[in-house]
Chemist: 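To start, I am sharing the structure in question, which I have written as C-alpha cells.
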Amino acid sequence: MQNAAVAAVFDEIADYMELAGENSFKIRAYRRAAEAVANYEGAIEDAAENGELRSIEGLGEATAAKVSEFLATGAVRYLDRLREEFPPGLLDLIRVPGLGPKKVSQLYRDKQIDSVEALNVALETNALQGVSGFGPKTIENIKSGLRRMAQMSKRLPLGDALLLAASIVKGVESLPGVERVEVAGSLRRGSDTVGDINLLAATNDVAATLAGFVELPHALVVSEQDEKSASVRVRPGIEVRLRATAPEAFGFNFFRATGSHAHFEAAQIAASERGLELREDGLFRDGVAVEIPTEAAFYELLGAPFIEPELRENRGEIPAAQQGRLPRLITSADIRGDLHSHSTWSDGVLSIRQMAQAMQARGYEYFAVTDHSKALAMANGLNAERLREQAKEIAEVQAEFPDLKILRGIECDIMRDGSMDLDDDILHELDIVVASVHSGFTFDEKTQTERVLKAIAHPAVDIVAHPTGRILGVRPPYDINVPELIAAAREYSTCLEINASERLDLSDENAFAAREAGVLLAIDSDAHSARMLPNVELGVLTARRAWCEKKHVLNAKPTAELLQWLQRPEARR
DNA sequence: GCCGTTTTCGGCCCGACTGTTTTCAGTCG
C-alpha cells in the first residue's frame, strides 16, 4: 500500500510551493490531493492499475499523472526539481512556530539560513537584528518556538510510536531463535508520548537475535550493544531497545522491562514486606532466585493479582491490588459510540452518510455529527441556518441506518469572552453540544480558565472537548487551571473529553483527577475521516491510565442511558 | 491545480490577531 508515500510526495510538493510563493489555490490543490490519496479506502496502486485515479475526488490530470509516475519510477521529477531548488532544511524551518513560508524564504534569501541549526546560530549571534520584519517580539517568538520544538521532537506521540513499534516487532519476530516479542516500557503502559521504544524477545539464541536486530532495515545507527540487549536509533532522537531473554525468564523480564521505575520501587517495598528481595536481576528468597514464568506469577508473590501495565505508575496500584480493589479497566470493546466527529459540512472529508457507514462498520450504536461552528471560518463552520439545513440530511441518513442512532450536534467554538459562538435557541435544538477553544491560546491562566468555566456552566453544553488545547508533538497546553475546570464540570454535570486524535487531551493525569472528582469523561475520535476512527483506542489507553471503568465514560453507556444523560435538566439549570 | 445542476472560465478557505508598520504582511486555526 503506497497511499502514505504518495500523500507525502504531494505534501512535500505543497511545502516547496509555499516557499516558492506559488498561487495559494494551487498549493491547496496539492494538499487536497495528498488528503485524497491518504484517505482513499483502497490501495492507490490498485486504483492506478484499474485506471480509476481520475475518479478520486481531488485528483486531476496533473496529480493523477504524478501518482502514476511515482508508482512506476519511485520518484516524481517535479518534486526532484523542487528539491534541487531549495535546501531540505527549509521544510523544518516552516514548522517552527512563528515562522511561515514567507519569513523562511526571506531568511534564506537575506541571511542564507537554510536549517534549524543555522537559525539557532543566527539567533545566538544576533544576526537577525535589523532584518526587516524581524523585530524584537518576532525574534523572541521564534526563540520560544524553537525551544518548544526541541522539547517535543525528542518524544514520539503514542499513536506514531505504536505504529513504528508494530513494524519493528514484525522484523524481530522473523529473527533466528525468536519465540515471542512484546512491546514493553512506557509504550506498553500507554504513555501519551514515548522517548524510547522498549521491546522484549524470548529467544533460544540471544546472540543471533541481537545480531539480527541491529541489522534490521529500521536501524540507522547502533547506539549500544551488550550480551543481553541492543539499542538502535531509528530516527533522530528515537531509540529502540531490544532485550533478549531465555523463554523461561520472560515473565520477570517482561515485568522489569515494562516499568515504570516508580512502580518497580513500590514493588520492591511490597516484596520486602513479604520477605523477598526484588532486584534488577530477579526476585530472591533467602538469596535464591525465584522462578517467575509469567507476570501474573510475579504479582502473586506480592499477594496481588495481575496489574495491568497502564496502572503501573505508582498511583496506589499495588495496595489496591493487594486489597482486591483494582478497577475493571475500560476496554475498546466497551465503547459504544463516538460523540465528536466531522463531516464535509465543515472540514471533514466524508459525508454524513459515509461517516455513518464507517461508524456502523465499527459496531457502534450511535455517533454525533459535530461539525465546527461559524467562528472557525477556515473550517467552513456552520451558522444556525446551515445547522438547520444539515438536520434534514441527518434525518435522511438516519432513516437509512435504523440500528445506528445519529445525534445532531455541533462542536461550538468558545469565544474569547467565554460565550458560545451560536445562540442558545439553536444550541438547545441540538441533541448534543461539544464546546471547544480554537483561538486565544496565549491568554493568561486566569482569563483562559474563566473563559472555559463559562462554557462548562453553559446549560446547553454537554461536553468540553480537548480542554487544555495541547497537540502532541506540536503544541503544549495553554495556561489553564485544570482543577478549577474539574470542579466546575462536577458542579454543572458537564462531561470532559479525552480527545483521542493527536491530542490525548485530557492527559492521563488530568483524566485521573477528573474521574476521582466524579466527572464523567467522553473518549472521542474527533475524526475528520474514517481513517481516524480507530484513534479512539489511544483514548482508551489514556482512560485506562486514569483508572477508568466503563461507568466513568459517557460513550460507554448504552443508547438509552446516553439519551437520558443528555436530558439531565435538574442538574443543569 | 481542480472542478462543473451557472461546465472549459473563474472561483476556490476566511477572519482575526500580532508585530511591524505608517497602512499592512505574515501567521494561525
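Chain letters run A, B, ... following the sequence lines, proteins first and then strands; every chain starts at 1.
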Chemist: With a 3.5 Å limit on both atom pairs, tell me what B:dC9 is paired to, counting Watson-Crick and G-U wobble, or say none.
Modeler: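 Partner of B:dC9: B:dG4.
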Chemist: Any base atoms under 4.0 Å from A:R28, or only sugar-phosphate, or nothing? Heavy atoms, all strands.
Modeler: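 The answer is base, as A:R28 lies within the cut-off (heavy atoms under 4.0 Å) of a base atom.
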Chemist: Whole angstrom is fine here: how far is it from CD1 in A:I27 over to P in B:dG1?
Modeler: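 Atom-to-atom, A:I27 to B:dG1, this comes out as 11 Å.
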Chemist: Roughly how far apart, to the nearest Å, are B:dG15 and B:dG10 at atom C1'?
Modeler: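 23 Å, rounded to whole Å.
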Chemist: Using the C1' atom as the point on both nucleotides, what is the distance between B:dT21 and B:dG26, in whole Å?
Modeler: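 B:dG26 and B:dT21 have their C1' atoms separated by 12 Å.
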Chemist: Could you list all the ring pair (Phe, Tyr, Trp, His ring centres under 6.0 Å) pairs where at least one residue sits in residues 59-97 of chain A, not counting sequence neighbours?
Modeler: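 Qualifying pairs: A:Y16-A:F86.
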Chemist: Base, sugar-phosphate or nothing for A:G58? Non-hydrogen atoms, less than 4.0 Å.
Modeler: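 Sugar-phosphate only.
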Chemist: Mind checking what makes salt bridge (Lys or Arg N to Asp or Glu O under 4.0 Å) contact with A:K374, not counting sequence neighbours?
Modeler: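 Partners of A:K374 by the salt bridge (Lys or Arg N to Asp or Glu O under 4.0 Å) criterion, ordered by chain and then number, come out as A:D421.
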Chemist: Could you give the CG-to-P distance, from A:D413 to B:dC17, as a whole number of Å?
Modeler: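 Rounded to the whole Å, the gap is 13 Å.
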Chemist: Residues two or more places apart in sequence or in another chain: which of them pass salt bridge (Lys or Arg N to Asp or Glu O under 4.0 Å) with A:R515?
Modeler: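 For A:R515 there are no salt bridge (Lys or Arg N to Asp or Glu O under 4.0 Å) partners, ignoring immediate neighbours.
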Chemist: I'd like to check the side-chain contact (heavy atoms from CB on, under 4.5 Å) partners of A:E41; sequence neighbours left out, ordered by chain and number.
Modeler: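 With sequence neighbours excluded, A:E41 shows a side-chain contact (heavy atoms from CB on, under 4.5 Å) to no residue whatsoever.
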Chemist: Could I get the full list of salt bridge (Lys or Arg N to Asp or Glu O under 4.0 Å) partners for A:K26, not counting sequence neighbours?
Modeler: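 By the salt bridge (Lys or Arg N to Asp or Glu O under 4.0 Å) rule, A:K26 matches A:E22.
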Chemist: Would you kindly give the CZ-to-P distance between A:R54 and B:dC2, to the nearest whole Å?
Modeler: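 Atom CZ in A:R54 sits about 7 Å away from atom P in B:dC2.
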Chemist: Considering only residues two or more places apart or on different chains, which pairs with a residue in residues 58-69 of chain A satisfy side-chain hydrogen bond (donor to acceptor under 3.5 Å, both in side chains)?
Modeler: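 Passing the test, one end in residues 58-69 of chain A: A:Y30-A:K66, A:E69-A:R77.
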Chemist: Could you state the CZ-C1' distance from A:F25 to B:dC2, rounded to the nearest angstrom?
Modeler: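 Atom CZ in A:F25 sits about 12 Å away from atom C1' in B:dC2.
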Chemist: Any chance you could lay out the side-chain hydrogen bond (donor to acceptor under 3.5 Å, both in side chains) test for A:S343 and A:D371, step after step, and finish with the verdict?
Modeler: CA-CA 6 Å; A:S343 76; A:D371 278 306; 2.7 Å; yes
Chemist: Quote, to the nearest angstrom, the P distance that separates B:dC17 from B:dC13.
Modeler: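 Approximately 23 Å lies between the P atom of B:dC17 and that of B:dC13.
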Chemist: Looking at A:F134, does the NZ or CZ of A:K103 lie under 6.0 angstrom from its six-membered ring centre and within 45 degrees of the ring axis?
Modeler: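 The answer is yes; both the distance and angle limits are met.
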Chemist: Do any of residues 59-73 of chain A sit with a heavy atom less than 4.0 Å from DNA chain B, and if so which?
Modeler: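 Only A:L59, A:G60, A:E61, A:A62, A:T63 qualify.
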Chemist: Using the C1' atom as the point on both nucleotides, what is the distance between B:dT6 and B:dG11, in whole Å?
Modeler: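 Approximately 12 Å lies between the C1' atom of B:dG11 and that of B:dT6.
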Chemist: In residues 114-130 of chain A, which residues come under 4.0 Å of DNA chain B by heavy atom?
Modeler: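 Under 4.0 Å from DNA chain B: no residue of residues 114-130 of chain A.
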Chemist: Can you measure A:I56 atom CD1 to B:dC3 atom P for me and round it to whole angstrom units?
Modeler: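 So the two atoms are 11 Å apart, to the nearest Å.
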Chemist: Is the charged tip of A:R336 near the ring of A:Y366: under 6.0 Å from the six-membered ring centre and within 45° of its axis?
Modeler: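 Verdict for A:Y366: no cation-pi partner in A:R336.
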Chemist: Can you name the side-chain contact (heavy atoms from CB on, under 4.5 Å) partners of A:N141, sequence neighbours left out?
Modeler: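 By the side-chain contact (heavy atoms from CB on, under 4.5 Å) rule, A:N141 matches no residue at all.
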Chemist: Sticking with atom P, work out how far B:dA16 lies from B:dT20, rounded to a whole angstrom.
Modeler: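 Their P atoms lie roughly 22 Å apart.
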Chemist: In whole angstrom, give me the gap between the C1' atoms of B:dC3 and B:dT8.
Modeler: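 It works out to 11 Å between them.
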Chemist: Measure the distance from CG on A:D347 to P on B:dC14 and round it to the nearest whole Å.
Modeler: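 Spelled out: CG on A:D347 to P on B:dC14 is 15 Å.
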Chemist: Going by side chain to side chain donor-acceptor pair (under 3.5 Å), name the residues that satisfy it together with A:D424, two or more places apart in sequence or in a different chain.
Modeler: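 Partners of A:D424 by the side chain to side chain donor-acceptor pair (under 3.5 Å) criterion, ordered by chain and then number, come out as A:H458.
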Chemist: Please state how far atom CD in A:E35 lies from atom P in B:dG1, giving the value in whole angstrom units.
Modeler: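 Whole-Å distance recorded here is 19 Å.
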Chemist: Using atom CG of A:D417 as one end and atom P of B:dC17 as the other, report the distance to the nearest whole Å.
Modeler: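 Taking CG of A:D417 and P of B:dC17, I get 12 Å after rounding.
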Chemist: Using the side chain to side chain donor-acceptor pair (under 3.5 Å) criterion, which residues pair with A:S191? Sequence neighbours excluded.
Modeler: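 Partners of A:S191 by the side chain to side chain donor-acceptor pair (under 3.5 Å) criterion come out as none, since no residue qualifies.
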Chemist: With the sugar-phosphate defined as primed atoms, P, OP1 and OP2, and the base as all remaining atoms, what B/S/- string results for nucleotides 18-29 of chain B, 5' to 3', for protein heavy atoms under 4.0 Å?
Modeler: -SS-----SSSB
